[in-house]
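Following: one structure in structure tokens, then a few remarks.
Note that this is a predicted model, so its numbers are computed, not measured.
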Amino acid sequence: MLRSVLQRVLGGGQGWGAGLRRPIQSCSALVYRKHGPDIDQLRLVCWDLPAVGAHNVRLQILAAPVNPADINMMQGTYPILPEFPAVGGNEGVGEVVEVGDAVSSVRVGEWVIPVDAGFGTWRTEAVCDAADLLSVPRDVSLLGASTVSVNPCTAYRMLHDFQHLRTGDTVIQNGANSAVGQAVIQIAAALGLRTINIVRDRPNYEGLAAELKARGADHVITEDELQRTGLGHILQEAPRPRLGLNCVGGLSGGLVLSSLDSGGTLVTYGGMAKKPLQIPAKSLIFQNISLKGFWMTQWKRNNRKDLHHLQSMVDALCAMLRSGQLTPPKCVPVPFKNYRQAIQATVQAHQCKQVLLMH
């Protein structure tokens with residue numbers, strides 16, 4: 001009876017559930033036990049840590065962002081869902097504080113990030129298999145390391161995997177002010193590619209356009225302007241885009257599609273407008289436009305057995321972070337105990353990325 005009471009007090013972590021023996025350690029974690037639209041189901045609890053086995057690593061989580069996908073998982077609307085009780089958070093960076101006897105891939109003191117989604121980064125510590133982690137250098141910023149594995153990786157893969165792009169080629173994208181959009185701008189600039197960047201109309205458009213150009217954007221245009229004038233004035237300076245990136249859908253996605261050169265590719269990786277993509281038949285028939293979809297989580301799982309492939313991508317992005325070619329999106333650091341503030345800001349429009357600081 002006492003053990004069951006203690007288990008409830010400690011939050012029902014995995015250390016008690018399996019062997020019913022006192023865990024070596026526990027941590028603070030944001031846990032939810034059911035899906036729902038309200039963040040009130042999230043609780044900050046004491047969470048048991050299992051003992052570190054031969055192939056395990058114990059890490060101290062340093063920082064973990066709050067992404068829309070994290071909220072979708074809590075709501076039960078994301079394509080992958082964790083088992084209950086679940087620790088929230090898919091992305092973050094931690095420092096290795098203990099390794100098992102058989103672990104040689106990482107060492108104590110190194111920074112690491114999760115390979116896969118569903119890791120549960122909204123906690124102060126974690127124990128996992130060494131194969132579940134990738135290394136990141138300690139000489140990149142904490143915010144850069146904690147936000148590198150989702151949005152920059154998405155941008156990197158889309159720019160490398162769908163069209164053979166050469167220096168001087170053009171990429172067009174909507175949602176250009178999103179975290180992925182900002183990464184696309186910077187990675188494309190480093191590769192010698194031009195970018196045409198579509199944003200939604202807003203009162204601070206001029207300031208936003210200046211900010212994106214400071215990050216390396218060649219052209220910034222609103223959806224309304226693109227509808228009215230087309231790309232004529234831009235195409236006097238740049239070749240017609242061969243790659244289009246769509247995270248909005250609806251009319252905006254159709255504008256990206258209709259802007260592509262013959263034989264171009266449209267990659268859809270989001271649907272923020274929650275409206276069907278408008279596809280003109282002539283684009284498929286007469287221009288031979290290819291339509292593709294991309295989901296970073298699935299790409300990582302498809303390449304799960306080749307950690308070198310995953311690590312080389314992260315290494316390339318960290319080198320860009322180190323050199324200043326890539327900078328993190330604007331982030332608001334939030335103390336872990338103020339997690340409600342971070343989650344509430346994430347579900348509101350036009351907010352900076354919120355990053356939980358665990359210590």
Side chain [X], main chain [Y], donor-acceptor under 3.5 Å:
{"X": "Glu91", "Y": "Ser149", "value": "yes"}
{"X": "Glu223", "Y": "Val199", "value": "no"}
{"X": "Gln173", "Y": "Gly244", "value": "no"}
{"X": "Gln163", "Y": "Gly263", "value": "yes"}
{"X": "Gln354", "Y": "Cys352", "value": "yes"}
{"X": "Arg242", "Y": "His164", "value": "yes"}
{"X": "Ser258", "Y": "Leu255", "value": "yes"}
{"X": "Ser312", "Y": "His308", "value": "yes"}

State, with a plain yes or no, whether a side-chain heavy atom of [X] is found less than 4.5 Å away from one of [Y].
{"X": "Ile198", "Y": "Ile172", "value": "yes"}
{"X": "Asn90", "Y": "Met73", "value": "yes"}
{"X": "Val112", "Y": "Val93", "value": "no"}
{"X": "Arg107", "Y": "Val99", "value": "no"}
{"X": "Cys153", "Y": "Met313", "value": "yes"}
{"X": "Cys247", "Y": "Met272", "value": "yes"}
{"X": "Leu42", "Y": "Trp122", "value": "yes"}
{"X": "Asn67", "Y": "Lys353", "value": "yes"}

Interatomic spacing from [atom1] in [X] to [atom2] in [Y] - rounded to 0.5 Å:
{"X": "Glu95", "Y": "Leu59", "atom1": "CD", "atom2": "CG", "result": "9.5 Å"}
{"X": "His219", "Y": "Leu235", "atom1": "NE2", "atom2": "CG", "result": "8.5 Å"}
{"X": "Arg123", "Y": "Ser26", "atom1": "CZ", "atom2": "OG", "result": "12.5 Å"}
{"X": "Asn174", "Y": "Thr268", "atom1": "CG", "atom2": "OG1", "result": "8.5 Å"}
{"X": "Leu208", "Y": "Glu206", "atom1": "CG", "atom2": "CD", "result": "10.0 Å"}
{"X": "Leu62", "Y": "Leu356", "atom1": "CG", "atom2": "CG", "result": "12.5 Å"}

Flag yes if [X] and [Y] sit in one hydrophobic cluster, no otherwise; membership is Ile, Leu, Val, Met, Phe, Trp, Tyr, and two members link when side-chain heavy atoms are under 4.5 Å apart.
{"X": "Tyr156", "Y": "Leu165", "result": "yes"}
{"X": "Val171", "Y": "Ile289", "result": "no"}
{"X": "Phe336", "Y": "Ile113", "result": "no"}
{"X": "Val355", "Y": "Ile61", "result": "no"}
{"X": "Trp295", "Y": "Val148", "result": "no"}

Looking only at side chains, do [X] and [Y] share a donor and an acceptor under 3.5 Å apart?
{"X": "Lys213", "Y": "Asn197", "answer": "no"}
{"X": "Ser259", "Y": "Arg240", "answer": "no"}
{"X": "Asn177", "Y": "Gln182", "answer": "no"}

Run the numbers on Leu212 and Ile185 for side chain to side chain contact (heavy atoms under 4.5 Å, CB included), then give the verdict. CA-CA 8 Å; Leu212 296 180; Ile185 289 169; 4.0 Å; yes
Of all heavy-atom pairs between [X] and [Y], which one has the smallest distance, and what is that distance?
{"X": "Ala145", "Y": "Val136", "value": "CB-CG2, 4.2 Å"}
{"X": "Ser28", "Y": "Leu44", "value": "CB-CD1, 4.3 Å"}
{"X": "Ala183", "Y": "Leu326", "value": "CA-CD1, 4.3 Å"}
{"X": "Ser135", "Y": "Ser105", "value": "OG-O, 4.4 Å"}
{"X": "Thr297", "Y": "Ala117", "value": "OG1-CB, 3.9 Å"}
{"X": "Val267", "Y": "Gly293", "value": "CG1-C, 4.5 Å"}

salt_bridge([X], [Y]) N-O dist < 4.0 Å:
{"X": "Arg194", "Y": "Asp218", "result": "no"}
{"X": "Asp306", "Y": "Lys300", "result": "no"}
{"X": "Asp315", "Y": "Arg322", "result": "no"}
{"X": "Glu110", "Y": "Arg138", "result": "no"}

Using ring centroids (six-membered ring only for Trp), state whether His35 and Phe84 fall under 6.0 Å. yes
List for me each residue that meets salt bridge (charged side-chain N to carboxylate O under 4.0 Å, His left out) alongside Arg43, sequence neighbours excluded, and say none if there are none.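 Partners of Arg43 by the salt bridge (charged side-chain N to carboxylate O under 4.0 Å, His left out) criterion come out as none, since no residue qualifies.
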Do other residues, nucleotides or ligands put more than 12 heavy atoms under 6.0 Å from the CG atom of Asp224? yes
Angle between ring planes, His309 versus Trp299, binned at 30° and 60°: parallel, tilted or perpendicular? tilted
Side chain to side chain contact (heavy atoms under 4.5 Å, CB included), that's the test. Do Arg200 and Arg202 meet it? Break it down for me. CA-CA 6 Å; Arg200 285 177 286 185; Arg202 64 195 66 217; 3.9 Å; yes
List the steps and the verdict of side chain to side chain contact (heavy atoms under 4.5 Å, CB included) for Asp40 and Arg340. CA-CA 9 Å; Asp40 287 341; Arg340 288 181 178 275; 3.1 Å; yes
Out of Thr195, Ile234, Ile196, Thr265, which residue meets the side chain to side chain contact (heavy atoms under 4.5 Å, CB included) rule with Pro241? Ile196
Criterion side chain to side chain contact (heavy atoms under 4.5 Å, CB included) on Leu193 and Arg166, from CA distance to verdict: CA-CA 7 Å; Leu193 306 173; Arg166 299 180 178 87; over 6 Å; no
